[in-house]
2 protein chains.
Amino acid sequence: MAETGIAPSDPPAGIGVVDQLDQLDRTELAISFERVFTLVRRLTPQGDLSLTAVSTLRTLERQGPHRLSELAVREGVTQPAMTQLVSRLERDGLAQRCADPGDGRVVVVRIADAGRELLLARREARAQKLYELLSSLPPADRAAIVAALPALNRLADLTP
Amino acid sequence: MAETGIAPSDPPAGIGVVDQLDQLDRTELAISFERVFTLVRRLTPQGDLSLTAVSTLRTLERQGPHRLSELAVREGVTQPAMTQLVSRLERDGLAQRCADPGDGRVVVVRIADAGRELLLARREARAQKLYELLSSLPPADRAAIVAALPALNRLADLTP
DNA sequence: TATTGTTATACTCTATAACTATA
DNA sequence: TATAGTTATAGAGTATAACAATA
């Protein structure tokens with residue numbers, strides 16, 4: 001457990017970047033990310049889709065068609081839950097079931113045009129609110145966040 | 001909504017950081033935050049508490065006791081839903097209902113010790129995984145993220 | 001009468017267990 | 001027999017509407 005007596009926010013400049021991470025209280029890191037999580041959650045119009053439904057659509061959008069069982073593992077739900085989720089997405093025209101020519105047992109799921117449009121609209125709404133919030137931050141804070149975006153994307157690439 | 005060819009909000013102030021934000025595609029911003037959201041979600045042990053339950057506990061931890069109706073608004077659920085959520089938290093020993101001496105109608109909710117410990121444990125688990133992920137990033141990326149944490153905290157402070 | 005909170009009822013989403021079809 | 005997916009059933013969590021208690 002890290003010592004909390006030292007202020008972790010502003011490590012002295014000129015020290016190596018590795019030291020910067022080592023000096024940071026891990027819990028501080030977790031709390032900051034936790035707070036960003038909550039921020040995004042609050043900025044997102046809940047609509048009528050569950051968090052898992054949206055996340056699944058985004059997976060299909062970013063990484064193309066997946067087997068139903070792969071989606072279940074990736075989203076951390078059971079296979080029956082994913083079966084029903086895909087059924088709902090299909091019913092609403094947001095995704096489609098396809099057959100796998102090589103294996104008759106397999107169901108391949110892909111995102112439909114309406115699904116892409118829905119993600120786009122949600123993203124647009126959140127982007128606007130986020131931009132407004134950022135605009136009210138001090139310029140130095142804005143710069144720090146913008147500068148960190150590529151790194152955050154690479155961090156997200158490491159997601160298991 | 002907005003024309004994408006023109007930066008609408010901030011007239012250039014002649015400072016570099018402002019231009020940095022203006023030049024940034026808002027959607028890129030939203031996507032990065034969206035991905036951080038998913039990352040945090042995946043790193044968090046689901047346990048047996050709902051997202052709203054954890055979020056409510058964190059509100060009580062960070063900002064002290066609240067009225068039940070305040071919590072409902074803050075967490076974006078209805079009053080009946082919050083009634084039941086608080087009942088579950090109380091049943092599990094994570095929070096407590098208290099009376100308001102000044103107004104007999106009011107229920108004040110506060111976090112219990114077990115609730116604090118639960119948040120601590122969750123945070124610890126996520127912090128460890130997050131730290132490991134960060135450690136595998138290039139040093140420059142780590143530095144950029146660490147440098148942005150105070151700004152991200154101030155952004156989170158603006159959460160409605 | 002307005003405000004604060006609870007109870008009643010219905011719906012969505014999820015998990016576990018049992019089942020079907022293909023390999 | 002194992003794998004991929006579905007169906008059956010039960011429980012958690014939420015919303016709307018109706019209710020009780022206090023101001």
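To find a chain, count down the sequence lines: A is the first, B the second, and so on, and within it residues start at 1.
Between the side chains of B:Ser50 and B:Arg88, no donor-acceptor pair of N or O atoms lies under 3.5 Å. With hydrogens and angles left out, the side-chain atoms of A:Glu75 and A:Thr52 include no donor and acceptor closer than 3.5 Å. A donor and an acceptor atom, one from each side chain of A:Gln128 and A:Glu132, are located under 3.5 Å apart. For the residue pair A:Ser135/A:Arg142, the side-chain donor-acceptor check at 3.5 Å is not satisfied.
The phosphate of C:dT14 has OP1 or OP2 within less than 4.0 Å of a side-chain N or O from A:Arg88. For B:Arg91 and D:dA12, the shortest distance from a side-chain N or O to OP1 or OP2 is not below 4.0 Å. In terms of phosphate contacts, A:Thr52 brings no side-chain nitrogen or oxygen within less than 4.0 Å of OP1 or OP2 of C:dC13. Close to C:dA15, at under 4.0 Å from its OP1 or OP2, lies a side-chain N or O of A:Thr78.
Between B:Arg67 atom CZ and C:dG5 atom C1' there is a gap of 11 Å when expressed in whole angstrom units. If you take CG of A:Leu49 and P of C:dT14, they are 11 Å apart, rounded to a whole angstrom. Put simply, CG on B:Leu68 is 17 Å from P on C:dT3, counting in whole angstrom units. The separation between A:Arg74 atom CZ and D:dA4 atom P is 18 Å, rounded to whole Å. Between B:Met82 atom CE and C:dT7 atom C1' the separation is 17 Å, expressed in whole Å. Atoms CG (B:Asp100) and P (D:dA21) sit 19 Å apart, rounded to a whole Å. Atom NE2 of B:His66 and atom P of C:dT4 are 15 Å apart (whole Å). One can place CD of B:Gln79 at 6 Å from P of C:dG5, the figure rounded to the nearest angstrom.
For the pair A:Gln84 and A:Val107, nearest-nucleotide mapping onto DNA chain D gives the more 5' position to A:Val107. The residue among A:Val108 and B:Pro101 whose nearest nucleotide of DNA chain D lies closer to the 5′ end is A:Val108. Residue order along DNA chain C, read from the 5' end via each residue's closest nucleotide, puts B:Glu70 first among B:Glu70 and A:Gly102.
Taking only side-chain atoms of B:Asp103, from C-beta outward, the nucleotide of D:dA8, C:dC13, D:dA23 with the closest atom is D:dA23. Between D:dA2, C:dT4, C:dA8, one nucleotide has an atom nearer to the side chain of B:Pro80 than all others, and that is C:dA8. Residue A:Arg105 has its side chain nearest to D:dA2 when only D:dG5, C:dT4, D:dA2 are considered.
At most 12 non-hydrogen atoms from other residues, nucleotides or ligands lie less than 6.0 angstrom from CZ of A:Arg62.
B:Thr83 comes within contact range of at least one nucleobase, with a heavy-atom separation under 4.0 Å.
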